Amino acid sequence: MSNVIKPLRKTKKDAKSLQKTANDLIRLAKEGGLEQNFFFSTTFDRYMLQLSILDRLGQKINEADDLIINKEYIKGKESPVTHPAISEYNKTSTAANQTAQTLLKIILTFSDGSVMDNANEEDEEIDL
């Protein structure tokens, strides 16, 4: 399970925020005794990969000259379409959101109860 994220973010603040969220998820997993849980570790790795893909797709979208491109068909006919990175970004974003929900369900389902006990004692919120 990778604990360090190397996102392609615009600012250091964004990268630190992403790393803090990842560290918070790992902390929750440790508090629940899940840091070595197969389901948590594989889902966490998948989530980190999805975030990396989103960063790279976002960079492509930001670097694009135009968000509408011309798609050339077999017979040479062109048609305007949206940049393909936009639809892939949206699909990956939806998948990452579902993966984050799954991570939280895994933590709450498989933890030994200490996660909820600590959440009630501490007023600190996790920024997911």
Side-chain angles (χ1 to χ4, degrees):
M1 177 167 62
S2 173
N3 291 340
V4 178
I5 305 167
K6 297 180 181 176
L8 299 170
R9 294 279 179 165
K10 290 182 183 179
T11 66
K12 289 182 182 179
K13 181 181 175 187
D14 291 339
K16 287 180 184 178
S17 175
L18 181 62
Q19 186 64 53
K20 182 187 178 312
T21 299
N23 290 341
D24 287 341
L25 282 170
I26 292 169
R27 180 181 53 79
L28 277 175
K30 285 181 181 178
E31 287 174 5
L34 292 173
E35 69 271 16
Q36 299 300 319
N37 180 285
F38 174 78
F39 296 112
F40 175 81
S41 63
T42 57
T43 305
F44 184 79
D45 287 343
R46 189 175 308 117
Y47 184 61
M48 295 291 86
L49 177 60
Q50 289 167 332
L51 292 178
S52 176
I53 291 168
L54 283 170
D55 286 334
R56 295 187 345 229
L57 286 169
Q59 186 176 13
K60 286 288 185 191
I61 292 168
N62 289 332
E63 292 173 353
D65 293 333
D66 196 358
L67 298 180
I68 304 294
I69 61 171
N70 287 322
K71 180 177 179 180
E72 187 174 334
Y73 292 96
I74 295 173
K75 295 185 179 182
K77 182 181 177 186
E78 289 188 356
S79 179
V81 296
T82 59
H83 196 290
I86 295 171
S87 64
E88 293 305 315
Y89 184 91
N90 291 337
K91 290 176 193 174
T92 306
S93 177
T94 299
N97 291 340
Q98 292 172 345
T99 304
Q101 289 175 350
T102 301
L103 275 171
L104 292 174
K105 285 179 186 176
I106 289 169
I107 290 169
L108 294 174
T109 301
F110 290 103
S111 69
D112 57 15
S114 62
V115 172
M116 289 308 293
D117 293 341
N118 289 342
N120 292 333
E121 294 173 6
E122 300 174 7
D123 292 331
E124 182 181 333
E125 292 185 13
I126 296 177
D127 181 23
L128 298 176

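Predicted model only: the values in this text are computed from it and were never measured. Any value given below was found using the heavy atoms of this structure, including those in side chains, with hydrogens, waters and symmetry copies removed.
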Can you find a pair of side-chain heavy atoms, one from [X] and one from [Y], that are under 4.5 Å apart?
X: Leu25; Y: Tyr47; result: yes
X: Ile26; Y: Phe44; result: yes
X: Leu57; Y: Ile53; result: yes
X: Thr82; Y: Ile68; result: yes

Atom of [X], atom of [Y] and distance for their closest heavy-atom approach:
X: Ile107; Y: Leu34; value: CA-CD1, 3.4 Å
X: Leu54; Y: Ala96; value: CD1-CB, 4.0 Å
X: Tyr89; Y: Gly58; value: CD1-N, 3.9 Å

Report the residues that fulfil salt bridge (Lys or Arg N to Asp or Glu O under 4.0 Å) with Lys91, sequence neighbours left out, ordered by chain and then residue number.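 For Lys91 the salt bridge (Lys or Arg N to Asp or Glu O under 4.0 Å) partners, ignoring immediate neighbours, are Glu88.
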
Gap separating the [atom1] atom of [X] from the [atom2] atom of [Y], nearest 0.5 angstrom:
X: Phe39; Y: Thr42; atom1: CZ; atom2: OG1; value: 7.5 Å
X: Ile61; Y: Glu63; atom1: CD1; atom2: CD; value: 11.0 Å
X: Glu31; Y: Asp24; atom1: CD; atom2: CG; value: 9.5 Å
X: Leu103; Y: Leu108; atom1: CG; atom2: CG; value: 11.0 Å

Is there a continuous path of hydrophobic side-chain contacts, each under 4.5 Å between heavy atoms, that joins Leu67 to Val81?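 No, Leu67 and Val81 fall in different hydrophobic clusters.
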
Side chain to side chain contact (heavy atoms under 4.5 Å, CB included) partner of His83, the single match among Asp65, Ile69, Asp66: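 That would be Ile69.
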
Can you tell me which residue among Met48, Arg56, Gln50 is in a side chain to side chain contact (heavy atoms under 4.5 Å, CB included) with Ser52?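 Exactly one pass, corresponding to Arg56.
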
Evaluate the criterion side-chain contact (heavy atoms from CB on, under 4.5 Å) for residue pair Ile106 and Thr102; output intermediate values, then yes/no. CA-CA 6 Å; Ile106 289 169; Thr102 301; 3.9 Å; yes

If we ignore hydrogens and angles and just use 3.5 Å, is the side chain of Ser87 paired with the main-chain N or O of Pro84 as donor and acceptor?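 Confirmed, Ser87 side chain pairs with Pro84 backbone.
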
Is the backbone of Phe38 close enough, under 3.5 Å, to the side chain of Ser41 for a donor and an acceptor to pair up by distance?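 It does hold such a pair.
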
